[in-house]
Amino acid sequence: MTYALIPLLVAAFAVWLGRRLLALVAFFAYLAVEGMLKLMSDYQPVVHVGADLVLLSITAAWVLGATLRGRRGLPRAPLAGLILLHALWVLMLLFHPLTASLFVGLAALKIHLTMIPLYFLAFVVIRSREDAQRALTGLVAVAYLPFALALVQYALGPASVFDLSDRYWQNIALYHEWRPFGTSAVPGGTATFAFLTVPLAVALLLSPDATRRVRWLAVGAVALGAGTFLVAGGRQMLLGCLLALLTMAAIGSGRRFGRAAFVLSLVAVLAGGAYVGVQTFLRPLATEAIAADPRSPAIWRERSVLDRLNTLTEIGTYTEARAGALDRVVSRLRRYPLGAGLGRTGSAGGRLRREMGTGSLSASINREVGFSDNYFADMLSETGVPGTIMLTTIVIGMGLMAGRLARRATDRFAAVLGAAVAGIVFALLAMSWGSQPLLSNPTTAYFWFLAGTVAALRRVDLEAREAAAEPADAGAPPSSPRLAAAR
């Protein structure tokens, strides 16, 4: 019961903060440790939906405040209509004849809808480039805890987590190497935070007016993130991060971002330093700790997670891993064009398998459309062709919006952030063939928040352009229909 109080207290604190950016930073701070709390509480129900409770509490408080001030409707953010249509479609699927029960369907909303408010909250609360820079700084600072814990746990070995909860052993028992959890619920899960944070840290380094303290914060995040990639063994996340950085570099070559060559060289040096540090100092400690712990499987004594990254140079890694994805997508297209019912995949599918019924039809569907390591296959299972098309269109639209901001923004920081978000979105789309990053946290939360930040900076940029184009009459109404829509 003690663990159940933590998300409730965080929700109360965030609501007390009011309509401020700090409330959203508090949410992301909780999100960073939610996985660890799940394991330590043995998936206590309130903790299991803790991030959803915190965010929905913030959303409810902000909506109530806006209503009392006389405001009605959603903010006029880009793609708001399509997002609303997608949400309505998912809600309609609660009554899909193949959805096992209303309870299972409601639980599935966790992976589909509950993080969407972050898009509108970010769009509303970020009113200037300074707000966006503070938000970015907050996200980078939050990542320090999962990074540090992952590196410490790796060096200390299995005893660092096995003594906390039996759940840690249950979640890592089938792995072939010792991988630290950090603050995640899965071994090596902290690599996801590294994938999301390193491009944002690089954006801060490229920001023309970032303070020295912020730049040092970003340098530390890049170094710790690189070390985390090594000890976590997340090959796909590492490749995704490299793809995001390459996309940033490609966009930056057109905009000629200041210090781009220096920053990329610095990132390479930090990554090399992290590799040397992990191999020289942490690996011997981890090897000794694994050998000394009787609970360590024999295979952990023979294999190291650091050697896992060597497979990235092997062709078979790319041709054999996640094999059969196309067959699964085609099968779902043919068998379940309108979906196989909410909750068949993701966290709901794993936690509520017993609640999905014992009938022959339900059992047959469960065997056919379970976890598939493919975003498109899982989305087709959950939401059918309409839902898959809508969400994919939204993601592509957000990436294009970020890319346009990177190319056209008059403010250098807005352009740099746009390039970073465009890189992350492009990487997410590429990774979606071998995983489902947009159907789990923290990726889903970061996507919606960063998309809302880009939309807000787009509005700020349009306002700046409008102000520059306006005549001396400061009281004249805005003449641009695009600006009016952005507002």
Side-chain angles (χ1 to χ4, degrees), residues 21 77-79 119 122-123 125-140 195-212 214-215 217-219 221-222 241-267 395-429 446-469 480 482-483 485-487:
L21 182 60
L79 296 176
Y119 176 67
F123 182 76
V125 78
I126 293 177
R127 308 298 302 176
S128 65
R129 66 180 304 280
E130 290 77 18
D131 288 338
Q133 195 169 60
R134 282 192 288 269
L136 213 62
T137 303
L139 292 181
V140 171
F195 158 69
L196 295 166
T197 302
V198 169
L200 302 182
V202 171
L204 286 177
L205 289 173
L206 288 171
S207 178
D209 58 350
T211 64
R212 180 176 298 180
V214 168
R215 288 201 174 101
L217 180 78
V219 167
V222 172
C241 183
L242 292 175
L243 185 58
L245 293 177
L246 289 174
T247 303
M248 288 184 67
I251 296 175
S253 64
R255 285 296 305 260
R256 297 181 181 180
F257 291 154
R259 302 190 304 279
F262 170 75
V263 168
L264 290 178
S265 300
L266 177 62
V267 170
V395 174
I396 294 174
M398 297 300 183
L400 293 176
M401 180 172 63
R404 284 195 296 268
L405 181 69
R407 294 195 308 271
R408 302 175 184 176
T410 56
D411 179 75
R412 182 64 59 85
F413 172 73
V416 167
L417 180 57
V421 176
I424 291 173
V425 172
F426 181 58
L428 288 174
L429 288 169
Y446 274 73
F447 166 75
W448 287 111
F449 180 77
L450 291 175
T453 302
V454 166
L457 286 177
R458 170 182 174 271
R459 182 194 63 230
V460 171
D461 185 66
L462 288 174
E463 289 174 348
R465 291 172 182 268
E466 183 73 10
S480 169
R482 292 178 62 202
L483 175 58
R487 287 176 174 169

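Starting from 1, each residue takes its place in the sequence as its number. Quick caveat: nothing in here was measured; it's all calculated off a predicted structure.
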Asker: Which distance, rounded to the nearest 0.5 Å, do you find between the CZ of R408 and the CZ of R458?
Answerer: 10.0 Å
Asker: Decide yes or no for V125 and D131: does some side-chain heavy atom of the first lie under 4.5 Å from some side-chain heavy atom of the second?
Answerer: no
Asker: Would you name the heavy atoms of A427 and L243 that are closest together and state the gap between them?
Answerer: CA-CD2, 3.9 Å
Asker: Please step through side-chain contact (heavy atoms from CB on, under 4.5 Å) for the pair L450 and L200, ending with a clear verdict.
Answerer: CA-CA 10 Å; L450 291 175; L200 302 182; 4.1 Å; yes
Asker: Report yes if some heavy atom in the side chain of T453 is under 4.5 Å from a heavy atom in the side chain of V421; otherwise report no.
Answerer: no
Asker: Kindly give the heavy-atom pair with the smallest separation between A455 and Y119, and that separation in Å.
Answerer: CB-OH, 3.8 Å
Asker: Of all heavy-atom pairs between R215 and S207, which one has the smallest distance, and what is that distance?
Answerer: NH2-O, 3.0 Å
Asker: Spell out, as yes or no, whether a donor-acceptor pair under 3.5 Å connects the side chain of D411 to the backbone of D461.
Answerer: no
Asker: Quick one: does L79's side chain get under 4.5 Å of M398's, heavy atoms only?
Answerer: yes
Asker: How many angstroms lie between atom CD of E130 and atom OG1 of T137, to the nearest 0.5 angstrom?
Answerer: 11.5 Å
Asker: For the residue pair A406 and G418, what are the closest heavy atoms and their distance?
Answerer: CB-C, 3.8 Å
Asker: Output the distance between atom CD1 (I396) and atom CZ (F426), rounded to the nearest 0.5 Å.
Answerer: 11.0 Å
Asker: Please report the shortest heavy-atom distance between V140 and A221, naming the atom on each side.
Answerer: CG1-CB, 3.5 Å
Asker: Between C241 and F195, which heavy-atom pair has the shortest distance, and what is it?
Answerer: N-CD1, 3.5 Å
Asker: Does a side-chain heavy-atom distance below 4.5 Å link M248 with L206?
Answerer: yes
Asker: For D209, is there any backbone N or O sitting under 3.5 Å from a side-chain donor or acceptor partner on R412?
Answerer: no
Asker: With heavy-atom distances below 4.5 Å as the criterion, would you say the side chains of T197 and L139 are in contact?
Answerer: no
Asker: Do other residues, nucleotides or ligands put more than 12 heavy atoms under 6.0 Å from F413 CZ?
Answerer: yes
Asker: Measuring from atom CG of L417 to atom CG of L204, what distance do you get when rounded to the nearest 0.5 angstrom?
Answerer: 8.5 Å
Asker: About how many Å separate CG of L462 and OG1 of T410, when rounded to the nearest 0.5 Å?
Answerer: 9.5 Å
Asker: Say you draw a straight line from OG of S128 to CD of E463; how long is it, rounded to the nearest 0.5 Å?
Answerer: 10.5 Å
